[in-house]
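Predicted, not measured: the structure shown is a model, and the values here were computed from it. This chain uses plain numbering: 1 for the first residue, then up along the sequence.
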Amino acid sequence: MRDGARIAAAIEILDTLTRQNQPVKDAVRDWGKAHRFAGSGDRAWIGGLVLDALRHQSSTAFAMEDDSARALALGTVGRVWGLEADAIDALFEGDDHAPEKLTEAERAGLARDISDAPLHIRADVPEWLEASLLRAFGEAAADEGRALSSRAPVDLRVNEAKVDFDKAFKEVSSKLKAAEKSRLVSSGIRIPQRDPRGKAAAAEAIPAYGKGWVEVQDIGSQLAALASGVVPGQQVLDYCAGAGGKTLALSALLVNTGQVHAWDIDWRRLRAIWPRLKRADARNVQVKDGNEDKALSDLVEKMDVVFCDAPCTGTGTWRRRPDAKWRLKPTALAKRIEEQNTVLDRAQHYVKPGGRLVYVTCSVLPEENEDRVGDFLAKSAVFKSVPVLDVIEATGQLPEGGREILETCVGLHGALQLSPGRTDTDGFYICVMERVG
């Protein structure tokens with residue numbers, strides 16, 4: 001397919017999304033099934049444009065003075081991908097499947113300055129979250145919103161319980177030439193996304209992944225696991241384990257000693273954990289599901305670390321799931337806050353004296369993060385917060401210069417608020433609390 005036809009396809013998919021309540025990945029997949037002539041490269045290019053249009057939906061529509069599918073697609077190609085108006089028209093010449101050439105109004109939209117637009121427009125966030133973004137980032141709120149609207153790189157965690165880092169890095173970089181060592185985690189590998197029109201790195205197709213040497217995991221998520229401070233031989237509860245990404249990281253930190261108890265109330269969330277455990281050769285994990293009292297009663301006050309990856313709005317992962325950004329409603333935030341309060345209240349009972357409770361969300365909203373920890377600590381007589389950065393540094397996994405980067409993320413309670421703008425990671429919140437009584 002020529003680029004003009006690809007843009008037309010993206011317009012078609014975006015139009016479908018405006019008329020149907022459908023996840024964007026399903027819409028792109030359905031379009032591909034109905035247009036078998038489109039190759040994998042075509043589908044990746046088209047899907048990338050659709051996702052970028054959703055990432056920048058608010059600012060593009062404002063600049064183009066039009067929120068139609070055509071305006072979003074053309075505005076993204078021009079304003080986000082950086083093609084000039086004449087270059088876009090050139091893509092359409094001689095292509096019967098391309099859209100009509102740009103109108104004068106569209107050309108004006110591509111060049112329009114929106115620096116004086118409202119914050120939520122410049123930041124590409126729902127208007128009702130503007131105050132929360134300001135609370136979280138202050139004067140940097142617009143920049144952070146734009147960073148949350150960028151494409152995310154692919155990050156890998158080397159399974160050092162199974163392979164030496166240098167050996168794994170050599171293997172990965174032989175297949176993925178752009179691979180580079182992480183600036184924040186010594187066991188992390190990053191494959192940056194430099195070309196907005198390029199395909200994401202096929203990390204799960206490389207031999208190192210199949211051998212269990214590496215696992216796909218955002219660097220922010222890797223830092224959250226390090227914040228547990230676990231050492232070999234300890235007992236760890238991964239409360240709300242889900243698909244097991246952090247379970248695997250915790251298991252590797254224990255070097256197949258001790259025990260990770262991976263629990264989730266919904267067994268369906270745990271389905272992905274089994275092949276991942278097998279591939280990583282993780283032998284110190286017990287998977288538990290269902291009724292909490294039955295599954296975890298024997299763990300009360302026995303855990304060295306209880307790791308709570310709490311349910312949240314997922315605002316910190318908007319780079320990867322831009323369609324979720326515009327579906328998020330105040331009622332969903334209120335529900336998540338209730339769930340987070342419950343998680344902290346229940347999970348604390350499994351921490352033994354001297355043990356740690358680690359509270360993590362993939363959110364940048366203070367309502368889900370420092371507010372929840374503040375309320376919990378105000379009611380608790382036995383927990384105190386400890387500086388997360390000190391815990392991470394004590395693991396020896398911070399590369400040179402890593403602490404200086406993370407110091408910009410320190411907030412109340414010694415917690416870290418990572419973000420795409422600050423750390424080029426997903427927006428993880430990490431707080432560590434120690435049981436002292």
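- One finds no salt bridge joining Asp143 and Arg122 here, because no Lys/Arg side-chain nitrogen approaches an Asp/Glu carboxylate oxygen to under 4.0 Å.
- No donor-acceptor contact under 3.5 angstrom links the side chains of Ser380 and Gln348, judged on distance only.
- A salt bridge does not link Arg336 with Glu368: none of the charged nitrogens is closer than 4.0 Å to a carboxylate oxygen.
- With 3.5 Å as the limit, one finds no donor-acceptor pair spanning the side chains of Ser363 and Thr361.
- A salt bridge is defined here as a Lys NZ or Arg NE, NH1 or NH2 lying under 4.0 Å from an Asp or Glu carboxylate O, and Asp238 with Lys288 fails to meet this definition.
- Among all heavy-atom pairs drawn from Gly229 and Gln234, the shortest one is O-OE1, 4.2 Å.
- The residues Asp281 and Arg283 are annotated as salt-bridged, a charged nitrogen and a carboxylate oxygen being separated by less than 4.0 angstrom.
- Applying the salt bridge (Lys or Arg N to Asp or Glu O under 4.0 Å) test to every pair with at least one member in residues 341-366, sequence neighbours left out, gives these pairs: Glu292-Arg346, Asp293-Arg346, Asp304-Lys352.
- Between Phe37 and His35, the ring-plane angle classifies as perpendicular under the 30° and 60° cut-offs.
- Looking at heavy atoms from C-beta onward, Val163 lies out of side-chain contact with Lys211 at the 4.5 angstrom threshold.
- Salt bridge status for Asp375 with Lys379: absent, with no side-chain N to carboxylate O gap under 4.0 Å.
- Side-chain contact annotation: Asp52 with Thr76, donor-acceptor N/O pair under 3.5 Å absent.
- Under the ring pair (Phe, Tyr, Trp, His ring centres under 6.0 Å) criterion, no residue pair touches residues 413-437, with sequence neighbours excluded.
- Between Glu171 and Lys175, no side-chain nitrogen of the basic residue sits less than 4.0 Å from a carboxylate oxygen of the acidic one, so the salt-bridge criterion is not met.
- Side-chain N/O atoms of Gln217 and Ser221 include a donor and acceptor closer than 3.5 Å.
- Here the closest heavy-atom approach between residue Leu133 and residue Ala123 is recorded as CD2-CB, 3.8 Å.
- The closest side-chain donor-acceptor pair between Thr317 and Asp426, if any, does not fall under 3.5 angstrom.
- Between Asp424 and the choices Arg319, Arg183, Arg151, the salt bridge (Lys or Arg N to Asp or Glu O under 4.0 Å) rule is met once, by Arg319.
- Within 6.0 Å of CD on Glu404 lie more than 12 heavy atoms contributed by other residues, nucleotides or ligands.
- In summary, the side chains of Glu215 and Asn159 do not present any donor paired with an acceptor at a separation below 3.5 Å, with no hydrogens or angles considered.
- A distance of 12.0 Å separates CD of Gln397 from CG of Leu184, quoted to the nearest 0.5 Å.
- Aromatic pair Phe383/Phe376: centroids less than 6.0 angstrom apart.
- Relative orientation of the Trp81 and Trp45 rings is perpendicular, given thresholds of 30° and 60° on the angle between their planes.
- Between Ser149 and Lys325, the side chains place a donor N or O and an acceptor N or O closer than 3.5 Å (distance only, hydrogens not considered).
- A salt bridge between Lys25 and Asp30 is absent, with no side-chain N of the basic residue lying under 4.0 Å from a carboxylate O of the acidic one.
- Atom CZ of Arg19 has more than 12 heavy atoms from other residues, nucleotides or ligands within 6.0 Å.
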